[in-house]
Every structure is written in structure tokens, then in C-alpha cells.
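Let me begin by presenting the structure, written as C-alpha cells, before commenting on it.
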There are 4 protein chains.
Amino acid sequence: YVTANGSKSDRVFAPYSVFKGKAALSVDPFLPTFSKLTSGGVRVDRRGGIMMTFWPAHFALSATEVGSLISLGAKESCEFFHDPSMKSSNAGQVRKSLAVKPQSDGSGYMFSLSVVNNILKSNDRFSIPITAAEFAVLRTAFSFALPHIMGWDRITNQPQTSKDEN
Amino acid sequence: YVTANGSKSDRVFAPYSVFKGKAALSVDPFLPTFSKLTSGGVRVDRRGGIMMTFWPAHFALSATEVGSLISLGAKESCEFFHDPSMKSSNAGQVRKSLAVKPQSDGSGYMFSLSVVNNILKSNDRFSIPITAAEFAVLRTAFSFALPHIMGWDRITNQPQTSKDEN
Amino acid sequence: YVTANGSKSDRVFAPYSVFKGKAALSVDPFLPTFSKLTSGGVRVDRRGGIMMTFWPAHFALSATEVGSLISLGAKESCEFFHDPSMKSSNAGQVRKSLAVKPQSDGSGYMFSLSVVNNILKSNDRFSIPITAAEFAVLRTAFSFALPHIMGWDRITNQPQTSKDEN
Amino acid sequence: YVTANGSKSDRVFAPYSVFKGKAALSVDPFLPTFSKLTSGGVRVDRRGGIMMTFWPAHFALSATEVGSLISLGAKESCEFFHDPSMKSSNAGQVRKSLAVKPQSDGSGYMFSLSVVNNILKSNDRFSIPITAAEFAVLRTAFSFALPHIMGWDRITNQPQTSKDEN
């Protein structure tokens with residue numbers, strides 16, 4: 001993973017992938033980065049998240065969006081909007097939205113990623129049905145990953161083996 | 001964190017923060033301290049908890065208060081009362097209470113911290129709405145943190161790398 | 001904890017205790033022991049559990065009894081029977097039972113331990129009310145502890161730091 | 001466990017076993033294998049799972065099948081079909097199916113493994129009743145194991161003690 005001093009080491013690739021015909025969804029958590037404080041402690045710098053990949057498009061879920069997904073009721077839906085160019089000169093030019101909607105027959109959810117790019121004049125939509133069993137894997141794995149992407153797994157009583165990991 | 005012998009080392013800062021207009025709530029677990037026993041084992045000394053910060057006021061949730069929050073039903077409310085000067089000569093002079101109440105439209109909860117200080121003749125109230133998704137993050141992260149603030153994460157079959165961590 | 005070769009080292013004491021008047025309940029997980037196999041692996045030897053202490057009486061919950069408690073519905077009750085002298089010449093002389101019953105007002109559960117000792121001609125009963133918040137702590141901490149008392153926390157992808165921990 | 005370079009080391013045996021008369025069911029997670037990437041990271045190679053053993057027959061649950069079991073409602077059933085010779089010349093000759101059905105009295109589930117072997121002209125069926133408490137152990141332990149069999153427990157902020165574990 002990317003450590004606080006910028007080196008990449010031992011990045012672990014363990015995506016959970018779902019294939020349905022030509023569509024595929026792959027999910028993979030990414031960790032926060034930490035900064036060393038002059039006081040001797042460490043502080044979360046850039047938050048982690050969960051990367052959802054509908055090849056070739058990506059959508060990075062924040063902790064709160066993960067909270068929304070893991071608490072989604074059987075008949076509830078949710079939608080998240082991202083502007084990948086936010087705070088840059090291209091702000092508002094690319095609009096991504098991820099929608100999760102229950103199937104009418106109760107068999108699971110439809111995940112749809114829409115990417116509208118005003119610069120490239122493109123408008124793409126990626127959809128994949130996720131069964132209730134696959135959604136249970138996502139909910140359990142996301143619940144496991146949530147404290148890690150928040151950095152709370154560093155707050156532990158386990159004896160540390162090294163003082164200078166960052 | 002604060003170790004049993006009093007030194008502070010590698011304190012990790014990973015607050016989960018929610019900002020709503022001028023209001024902000026930040027939550028952060030803190031660990032128990034351990035004492036070494038002459039028998040060779042270790043014992044939890046001072047319990048850990050979860051610090052809720054409504055700048056500049058703080059409220060430290062105990063394990064049982066965390067249990068109350070993570071089992072809160074969608075239409076239930078709860079309230080905790082603390083006397084930060086308990087067992088000192090100022091007992092009863094400062095009264096803090098944290099109330100968590102469901103929003104009437106089902107969109108989440110209102111968290112309110114009230115601090116009545118008879119010494120300073122002050123009466124402050126801090127309130128922030130927490131969405132259902134943010135509450136799901138709190139519930140999942142608090143459930144993860146609970147065994148850690150109780151010290152149960154030290155009771156593990158993982159091989160220990162060092163015998164003298166305290 | 002007690003390691004496979006019988007030495008006690010770094011036993012961690014982190015009981016969760018509830019005090020109600022003169023009654024007290026303390027709960028504390030204990031770990032399984034492992035044996036080294038000639039093949040190079042390790043096998044769980046004696047199972048772990050969760051020790052419930054109603055001073056001075058003890059009741060050690062097995063994994064399946066823990067499963068019963070953590071899945072207990074709001075209006076359900078359960079009862080476990082133990083014979084501490086099972087398979088010895090005193091079998092049947094001491095009978096322990098732990099009953100968990102919901103309070104009629106929905107405020108939590110009553111935990112009662114009954115110990116009938118035909119040798120000492122004694123018949124003791126220890127009872128303590130457990131609030132819904134305290135039960136939520138037990139359910140969350142027991143769910144955390146369950147894989148540890150089963151030994152499943154040893155089955156991990158984390159790099160091991162030592163080959164000879166037993 | 002089996003490491004990426006093929007050596008077996010420190011395999012941990014910690015099955016959860018249920019005995020009912022002559023029938024027995026034993027469950028045990030197995031870990032994924034990892035490959036080292038030339039980029040310096042590691043990638044999940046062969047997925048892990050949970051091995052269900054009805055002596056002498058085995059059935060290895062995938063992550064998605066585990067998701068199906070842990071989200072099973074009290075009155076729901078599920079069934080999984082495996083062809084152990086899939087993609088070999090014996091494809092279709094052996095058919096295994098695991099069925100999980102709720103007991104009509106609500107006391108738990110019946111787990112049944114059926115193995116039809118056209119080569120040996122055999123047709124075996126293994127069934128064992130699982131109580132609600134035992135199912136709660138399975139659900140909790142499977143939920144704990146799921147991120148491990150997916151390899152997500154490797155994605156952690158904990159300082160690594162060794163760079164060359166594979």
C-alpha cells in the first residue's frame with residue numbers, strides 16, 4: 001500500500017469480482033495514508049475507501065457511502081454523485097453517479113454507474129445485477145473493511161512490532 | 001497510545017468527522033491502559049471508550065453507552081448523563097448530557113450535547129443531524145471498536161512478537 | 001494464556017463487569033489450547049469459551065452456547081445445563097444451570113445461575129438484571145470473541161512473525 | 001497453510017464440529033493463495049473458502065455461497081450445486097449438491113449433502129440437523145472468516161513485520 005512517505009510496498013490485490021455476461025463489477029478496498037506527527041503519533045492524512053470498478057470506469061466509495069450501502073434495506077435504493085474534477089478548472093465537466101436499486105422480484109439489486117463527460121461528449125452507462133448472496137458478501141466485506149479504510153484498525157491494543165512503519 | 005508505564009507512543013489519530021454548516025461532530029476511540037501483574041499477566045487498568053467531540057466540548061462514551069448506541073432501534077432515543085467532576089469537591093457543578101433522538105422523517109438522528117456549568121454560569125448546547133448512512137458508519141465502527149476499548153482484542157491466539165510490550 | 005506446552009504467559013485479564021447492588025456479573029473469554037502436529041501444523045486441543053462469573057460461582061459457555069446467546073430474540077429465553085463432574089465418579093452430584101429470561105417490561109434480561117451441590121447439600125442461586133445496552137455489549141463482544149475461542153483467528157493471511165509460538 | 005511458493009507451513013486445524021447420533025458435520029475455513037507480482041505487490045491467486053465435511057464427503061463453499069448462508073432468513077432455504085470434475089474429461093460425471101432447509105418447527109435447519117457419482121454408480125446422501133444456536137455459530141464464524149477467505153484481511157494498516165512472507 002501507499003505509505004505516508006510515498007513509497008508503494010506490498011500493495012495487496014484481492015478484488016471481489018462478479019461476472020454477468022459481458023458485464024463485470026470488481027470491488028477492492030484501499031487504505032488511508034498516515035502522516036507522522038512531530039508529537040510522535042500518526043494522523044490519517046488521505047482517507048481510504050472502496051473502489052468499485054465497472055471496466056473501464058471506476059467509482060471510489062467514501063466511508064459514509066459504504067455506511068449507506070451496508071445499511072440498505074431490502075426494498076431501498078441509494079444513489080451517489082461524484083465530480084472527479086471537483087475543485088479543479090474542469091469542475092462540473094464530468095459527472096459520475098452510482099445507483100443501487102432493488103430488483104422488483106426481490107432477487108437482489110441492480111448496480112448502475114453512469115459517467116457523463118462534457119469534455120469528451122461521452123455518456124456511458126454500466127449496469128450489473130447483484131444477487132442477494134453477492135450483496136451479502138459485499139455487506140459483510142464492506143463492514144469488515146470500513147474500520148480499515150477509516151484507519152481505526154491502527155487503534156489496537158496489540159503489541160506493535162515496529163515503531164517506524166511509516 | 002498511553003501505555004501502562006505512562007509513556008505516550010504512536011498515538012493514532014483517525015477521527016470520523018461529520019460537518020453540517022457550522023456544526024461538527026468528530027468521533028475517535030481511545031484505548032484502555034493495562035497494568036502488569038506480578039503473576040506475569042496483564043490486567044485492564046483504566047477502561048477505554050469513544051470520544052465524541054462537538055468542538056470545543058467532549059463526551060467520552062463508556063462500553064455500555066456504546067452498547068446502547070449500536071443497538072438503538074430506528075425510532076428509539078437514548079440519553080446519557082455525565083458528571084466530569086464526580087468524586088471530586090466540584091461534584092454536581094458540571095452536568096453533561098448527550099441525547100440521541102430519531103428525526104421525525106426517518107432520515108437519521110439528532111445528536112445533542114448539553115453542558116451546564118454552575119461554576120462558570122454557562123449553559124451550552126451543541127446539536128448536529130446525523131444521517132442514516134452516517135449512523136451506519138458509527139454503528140459499524142463502534143461495533144468494531146467495542147472489543148478494543150474493552151481490551152478484548154488483546155485476548156488472541158495470534159503469536160505474540162514481543163513479551164514486554166508494556 | 002495457557003499455551004500448548006503448559007506454560008502460562010501473558011494471560012490478559014479484561015473482564016466486562018456489571019454491578020447491581022450486591023450482585024455482580026463478570027464475563028471474560030478464555031482461549032483454546034493448541035497442539036503441534038508432527039506434520040508441522042497446529043490443531044485445537046481444548047476448546048476456549050467465555051467464563052461467566054457470579055462471585056463465587058463460575059459458568060463456562062461453550063461456542064454453541066455463545067451462539068445461542070448472541071442470536072437470542074428480544075422475547076426469547078434460553079437455559080444451559082452443566083455437570084462440572086461429568087465423566088468423573090462425582091458425575092451428577094453437582095448441577096449448574098444458567099437461565100437467561102427477558103424482563104416483562106422489555107428493559108433487558110435476567111441472568112440467573114443456579115448451583116445444586118448434592119455433596120455439600122447446598123443450593124445457591126445468583127441473579128442479576130442485564131439492561132438492553134449491557135446485553136448489546138455482551139452480544140457484540142461475544143460475537144467478536146467467538147472466532148477466537150474457536151481458534152479461527154489463527155487462520156489468517158497475516159504474515160506470521162514467529163514459527164514456534166507454541 | 002499453503003503459501004504462494006507451494007510450501008505448507010503452520011496449517012491450523014480448528015474445525016467447528018457438530019455431532020448428532022452417527023451424523024457429523026465439521027466446518028473449517030481455508031485461505032486463498034497469493035502470488036507475488038513483479039511490481040512488488042501480491043495478488044490473490046486461488047480463492048479460499050469454507051470446507052464442509054460430512055465424513056467422508058466434502059463440499060467447499062465459495063465466498064458467494066458463504067454470503068448466501070449468512071444472509072439466509074429464518075424460513076428460507078438454499079441449495080448449491082458443484083461439479084468437482086468441471087473442465088476435466090470427467091465433467092458431469094459427479095454431481096454434488098448441498099441443501100439447507102429450515103425445520104418446520106423453527107428449531108433450526110437440515111443440512112443435506114447429496115453426491116451422485118456416475119462413474120462409481122454411487123448415490124450418497126448425508127444429512128444432519130443444525131440447531132438455531134449452532135447456525136448462529138456458523139453465521140458468526142462464517143462472517144468472520146469471509147474477509148479472510150477473500151484475502152481482504154491482508155489489506156490492513158497494521159505495520160507489517162516481514163516483507164517476504166510469501
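Labels below follow one simple rule: chain letters A, B, ... track the order of the sequence lines, proteins then strands, and each chain is numbered from 1. No experiment lies behind these values; they were computed from the predicted model shown.
Contact of the B:Phe13 side chain with the A:Leu37 side chain is registered, since non-hydrogen atoms from C-beta on lie closer than 4.5 Å. You'll find the side chain of B:Val137 reaches within 4.5 Å of the side chain of A:Leu146, heavy atoms only. For the pair B:His148 and A:Thr156, the minimum side-chain heavy-atom distance is below 4.5 Å.
Atoms CZ and CZ, on B:Arg11 and A:Arg154 in that order, are 12.5 Å from each other to the nearest 0.5 Å. Remark: A:Met150 CE to B:Ser17 OG distance equals 9.0 Å, nearest 0.5 Å.
Within a 6.0 Å sphere centred on CZ of A:Arg95, other residues, nucleotides and ligands contribute 12 heavy atoms or fewer.
Contact count against chain B (heavy-atom pairs under 4.5 Å) is highest for A:Pro147 among A:Ala63, A:Ser143, A:Cys78, A:Pro147. If you tally non-hydrogen atom pairs under 4.5 Å between each of B:Ala145, B:Pro29, B:Ala141, B:Gly151 and chain A, the highest count goes to B:Pro29. When each of B:Thr131, B:Val27, B:Ile149 is checked for heavy-atom pairs under 4.5 Å with chain A, B:Val27 comes out on top.
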Practice item. Please report the C-alpha distance between A:Phe34 and B:Val12 in whole Å, then the side-chain angles of each, then the deciding distance to 0.1 Å, and finally whether the side chain to side chain contact (heavy atoms under 4.5 Å, CB included) criterion is met. Key: CA-CA 9 Å; A:Phe34 293 88; B:Val12 179; 4.2 Å; yes
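In this structure, chain B has no heavy atom under 4.5 Å from any part of A:Leu69. Heavy-atom distances place no part of B:Val44 under 4.5 Å from chain A, backbone and side chain included.
Proximity of a side-chain donor or acceptor of A:Asn157 to a complementary backbone N or O of B:Leu31 within less than 3.5 Å is not detected. Listed for the A:Trp152 side chain is no donor-acceptor partner under 3.5 Å among the backbone atoms of B:Phe144.
Between A:Ser71 and B:Arg139 the shortest heavy-atom distance is CB-NH2, 4.2 Å. Taking every heavy atom of both residues into account, A:Ile155 and B:Ala14 meet most closely at CD1-CB, 4.3 Å.
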